[in-house]
Amino acid sequence: MLRWSLFSILILSALATTAQSGQLDVQPDWWKETVFYQIYMPSFQDSDGNGTSDFAGMTSRLDYLQSLGIKGIWLTPFLKSPKVDNGYDVASYTDIDPVYGDQDDFRNFLNEAHHRGIKVIMDMVVNHTSTDSKWFQESRKSRDNPYRDYYIWRDQPNNWESFFGGGAWELDTLTREYYYHKFDVRMADLNWSNPRVAEEIQQALRFWLDLGLDGFRMDVINFLTTDGILNDNPVKDGGQQHIYDIDQPGVKEAMRSIKATINEYDRRFVVGEIGSDKLDVLRQYQSPDLMDVVFNFNFGSIPDFSVERIFNELQGMEHSMPGYPTLFFGSHDMTRLMDRLAGGDPGRAKALAALILTAKGVPFIYYGEEIGMQNIYAESFEEIVDIQGKTHYKLALKAGKSPAEALAEGNRNNRDKSRSLMQWDDSKYAGFSTVKPWIKVNENFGEVNVHRSLHQRNSILNTYKALINLRNNEKILQYGVYERLEHSDDQILFTRTFQNERITVIINFGDESAIELPGGAEVLMGQPILKTNDFLIFRH
Ligand code: GLC
C-alpha cells in the first residue's frame, strides 16, 4: 500500500514534472503511427491445399488483420528459394516462389492490403544467396567467371564459424577453392566489397519499390562482408568472439547505398535486423541515412521474465537510442512470448502486450501472439524442419552424444518452436489447411484459436484489439515523449505527453494495488484497482 500511495503522490505531481530525456519528435511518419504484424510466410493460411501458406490464403485473412487494427505487415521471405532456411536462402531477387503464388497473387495481396490501410514490407536478405542462384552457379564455374567476385572465394579458410554451427567454409571441388557461408553451406555470402553486388541489390530493391511495396526488413544487415576475411576471430573461454566477421568497416557505407535507394521513393520505411542484443551496437545503425529503426533485441529477446530487466532495457533505449526503438517480444527466431516471458499466464501476456503497445517505439506483433500461441517441440529428429535445429542435432551426434541428448540439443536450437501454423479454429489443422501441413500444429489449437478468442470478452485477442485501437487513435501513444518512466518493485509506470496532453500507463506484475487517480483523469483502459498482471491507462 505504501508503494502505491507514493505512486499516487507522484502521479498527482506529474503536471509539475518536466521531460527528463528524449526530444519531441514531431516529424510525422506513417511508421511511427503503425502497429506492425509479422507473418511467417509458410505458416499463415493455405488456400490451394499444398500444406503451405500462400498469397491468396493470406489475402483472405486481411479482414482479420484489419479488424485487429494492424497498419503494417512484415512478410518473411517469399522469393524463389530451395527453402533450406525457409526462404532466407534466396535464389532470385525478383521471382516469387511458386509455392506462395505468382506476381498477380502478390500484387493482389498488396492492393487488398493497401485498400484496408495496411502497408506491406518484405524481408530482404542481401548478406547471402542460395547456392542455387544463377549468380552462384556462374561464380563456381571458373576462377575467371564474371560472377566469381560476387562471392568470397579463398584457397585457405580462416577460423570463422557458421552461425548455424560448424565451420563457415566449404571447398568447391570444381575450382578447388573455398567459399564463405556465414549460415548454411547452401547459403553463400555475397562479396560486398564488389560494387557490382551493391548495384545488383539496388536494382532488386527498386524492382519491389516500383511495384508499390512500402519498405523492407533488412536481414542480418550488419553481417555484410564489406572488408574481406582478413583476421581469425579470437577465441575466449572456448567460444569464438565475432570481432572480424561482423560489423566490418564499410558496412555503414553499404547500408547508406541501400537507404539512398529506398529514399528515391516517397514514404518508404526500412527496419534493420542487426545481429546483436547490445544496445551500443544496435544504436549506431539507426539514423536517417542508415536504418529508420533497428530491432531492439536488447529488449525483445530477453531470455526470462524480469520486470527490472524489462524496465532497464526500456530506460536504456530511452537514454541512448536516437529516435524510436522497436518494441517486440517474439519473432520466427525466438521462442514464443507466451512461454518465454508470460510463463503460460494469459494475464501476464496481456500486460506485456499493454507495454509494447503503449510505450514509446514501433511495436511488432508476431503472428499468433495475439491469441497466446505457444511453442511446439520436436519429438524426433524427423520432426525438426529448421536447418539450425537439424545442424545442432547432427553436431551433437558427431560429438558422441546419445540420440536423446542430440534431440534435446536440436530442440534447444530449433526455431520451429515459434513457427507452427496459425490457429484459426478448432477444425482439422486449425483452419490453416485441408491437408497435412509442412509443420505440425500446436496440439492446444482446440482451446487456443482465433474463432474462440473472438467470442471471449476477456481473451488475449480482444485485449490486443482494444490496445491497438487505442494506440491507433491516440497521437500521444504514437508521438508522445516520456515525461516519466519509472519502476518500483513489480510495476512499470510511464507518462507520455504530446502537445500538452498526457497519458499515464501503469503495468502491475505484483500484488493487487489501488491507484488514486488525479482529479479529472479519464480512464482509457483498466480499473484503478490493479490486480496482479493488470494495467491501467488514463488520460489526465
Ligand atoms: C536472420 C533471420 C533468420 C535467418 C538468418 C539467415 O537472422 O531472421 O531466420 O536464418 O537471418 O538469413
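Just follow the structure's listing: the first ligand is 1, and inside any ligand the first atom is 1.
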Compile the donor-acceptor pairs under 3.5 Å between side chains in residues 369-378 and protein atoms, sequence neighbours left out, one pair per line.
residue : atom : partner : partner atom : Å
Glu369  : OE1  : Tyr366  : N            : 3.2
Glu369  : OE2  : Tyr464  : OH           : 3.0
Glu370  : OE1  : Gly368  : N            : 2.9
Glu370  : OE2  : Tyr37   : OH           : 2.7
Glu370  : OE2  : Tyr64   : OH           : 2.7
Gln374  : NE2  : Asp339  : OD2          : 3.0
Asn375  : OD1  : Arg336  : N            : 2.8
Asn375  : ND2  : Tyr377  : OH           : 3.4

Residue shell around ligand 1, heavy atom under 4.0 angstrom
Asp85, Tyr88, His128, Phe164, Phe183, Arg217, Asp219, Val220, Glu273, His332, Asp333, Arg415, Arg419
Qualifying residues under salt bridge (charged side-chain N to carboxylate O under 4.0 Å, His left out), relative to Asp289, sequence neighbours excluded
Arg256
Is the shortest side-chain N to carboxylate O distance from Asp304 to Arg309 below 4.0 Å?
no
Under-4.0 Å salt bridge between Arg217 and Asp123:
yes
Taking Thr326 for its side chain and Val294 for its backbone only, find out whether a donor-acceptor pair lies under 3.5 Å.
yes
For residues 156-167, which residue pairs qualify under salt bridge (Lys or Arg N to Asp or Glu O under 4.0 Å), counting only residues two or more places apart or in two chains?
none
